[in-house]
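Only one structure is covered here, and it is reproduced in the block below.
Reminder, nothing fancy here: chain letters follow the sequence lines and each chain counts from 1.
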Amino acid sequence: VWLLVAAAISYGRVHRQLGLGPCSRLDLLRDLMTALVRHERIEAPWARADKMWVYVERLIDYVKLGDTNERAMRIADFWLTVSFFPAPLSSPCGPGAGAEHAALQEKDLIYKLFKVLASQFQPHPGSYTHLLQIPNRHGLDHAKMAVIELKGNPFLLLICPCHDTEKTLLNQLLKGYREDTQQAAAP
Amino acid sequence: ALVVVFSPLPRLRGLLQRCWGRLERGFLPGFSGGQSPPWGPALAVQAPACLPQPVDDAGESNEAPSLLDSILWMAAPKKRRTIEVNRCRRRNPSKLIKVKRNIDVCPECGNLKQKHVLCGYCYAKVKAETRLIRIEIHKKEGGPFNAPTVETVVLYDGEKPTEEDEGKRIVERARKRPSWFVQN
């Protein structure tokens with residue numbers, strides 16, 4: 001009884017619990033990563049997105065090493081091959097059981113990873129993703145949601161770097177000052 | 001045969017038990033064969049007046065305390081909480097809803113937004129447009145698992161692909177470019 005009570009008290013536990021357990025957590029992260037590589041812009045609960053972007057950036061770092069690298073191939077294989085349709089036989093941990101099923105389905109994504117994304121992110125040394133918060137999920141559970149996107153995606157910008165217009169107070173004051181100095185300097 | 005592992009005390013106890021058994025059956029210890037002669041007490045030892053008995057009283061103290069006892073150690077309020085004390089507790093700042101100071105006006109559309117969160121209206125706009133673009137991509141790809149091995153560029157009505165869009169796959173959208181669209 002006391003072991004259960006000790007397990008329930010979570011004072012001081014820093015790690016987030018995603019999903020049912022470690023295997024389920026890895027599956028969740030893998031699903032999200034595959035979806036991101038396929039669609040390049042993903043809406044997900046903020047906690048999952050927050051955990052996910054680290055894995056994505058490490059994956060892209062490995063992928064940048066090249067197509068021929070054995071290690072990069074194995075890592076991409078693990079993190080991307082996922083059976084899109086929920087198969088009736090579920091593999092308990094890791095994609096080992098569903099590998100034959102999945103290897104056919106997500107092969108195009110591996111090509112896309114190594115050819116498109118590697119060349120796209122070659123000049124950048126570091127961050128390849130944007131993580132932005134969205135208003136809470138409407139209606140169901142008001143969960144804190146976030147948007148992850150890869151930086152070179154073909155869609156619209158979520159944050160527009162807009163320059164201040166001329167009508168702002170500061171710009172009007174500066175404009176007036178400039179005109180005053182010109183008038184003082186002219187005659 | 002005796003078990004030699006233990007301390008001498010059980011050995012003595014075993015010996016005593018066997019002697020007692022023999023006495024009960026009527027033999028003298030050390031008397032081999034024959035009937036036992038009538039015997040009486042050879043040695044009298046002082047023993048405590050009452051031998052230690054298995055205590056039956058210990059069980060009574062372990063039973064669940066009766067209702068009369070439980071009244072004595074259950075928690076209960078002693079006095080009625082006055083309305084002043086109640087007010088202090090209910091209106092304590094930790095219990096009131098906090099006022100949010102991080103709400104601003106979105107410069108693009110004028111709706112309210114939180115400072116660290118994207119504007120809901122603008123994001124809904126972007127999401128709708130992204131959905132339409134994705135429909136076009138889906139139409140172009142045809143099947144479910146045909147991700148291309150080249151980048152993608154979105155072009156609107158009346159736009160031609162520039163020089164940097166050479167090797168990319170082009171996705172056409174049949175409307176004019178919205179004013180707020182900035183290509184990534």
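The contact between A/Val147 and chain B is made entirely by side chain atoms (from C-beta outward), counting heavy-atom distances below 4.5 Å. When heavy atoms are compared at a cutoff of 4.5 Å, B/Lys127 approaches chain A solely by way of its side chain, counted from C-beta outward. Neither the backbone nor the side chain of B/Pro107 has a heavy atom closer than 4.5 Å to any heavy atom of chain A.
Note on A/Leu173 and A/Tyr177: separate hydrophobic clusters, where clusters join Ile, Leu, Val, Met, Phe, Trp and Tyr whose side-chain heavy atoms are under 4.5 Å apart, directly or indirectly. A chain of hydrophobic side-chain contacts below 4.5 Å, direct or via other Ile, Leu, Val, Met, Phe, Trp or Tyr residues, connects A/Val56 to A/Val54. Following chains of ILVMFWY side-chain contacts shorter than 4.5 Å, one cannot reach A/Leu158 starting from B/Tyr121, and the two form parts of different hydrophobic clusters. The hydrophobic clustering, which links ILVMFWY residues whose side-chain heavy atoms are closer than 4.5 Å, places A/Leu117 and B/Val150 apart.
Minimum interatomic distance between A/Pro135 and B/Leu118 (heavy atoms only, all atoms of both residues): CD-O, 3.4 Å. Considering every non-hydrogen atom in both A/Ile134 and B/Val117, the closest pair reads C-CG1, 3.4 Å. When all heavy atoms of A/Pro154 and B/Val154 are compared, the closest pair comes out as O-CG2, 3.7 Å.
Other residues, nucleotides and ligands place no more than 12 heavy atoms under 6.0 Å from the CZ atom of A/Arg71. In B/Lys98, the NZ atom is crowded: over 12 heavy atoms of neighbouring residues, nucleotides or ligands sit closer than 6.0 Å. Atom CD of A/Gln122 has more than 12 neighbouring heavy atoms from other residues, nucleotides or ligands inside a 6.0 Å radius. Residue B/Arg89 qualifies as enclosed at atom CZ: its count of foreign heavy atoms under 6.0 Å is above 12.
Contacts with chain A were tallied for B/Lys125, B/His116, B/Arg134; B/Arg134 has the most, counting heavy-atom pairs under 4.5 Å. Chosen from A/Lys112, A/Glu43, A/Glu40, the residue pairing most often with chain B at heavy-atom distances under 4.5 Å is A/Glu43.
Distance check, rounded to the nearest 0.5 Å: NE2 of A/His39 to CD1 of B/Ile137 gives 9.0 Å. Here the CE-OH distance, from A/Met145 to B/Tyr123, works out to 8.0 Å after rounding to the nearest 0.5 Å.
Residues B/Val126 and A/Arg41 form a side-chain contact, since some pair of their non-hydrogen atoms from C-beta on lies under 4.5 Å apart.
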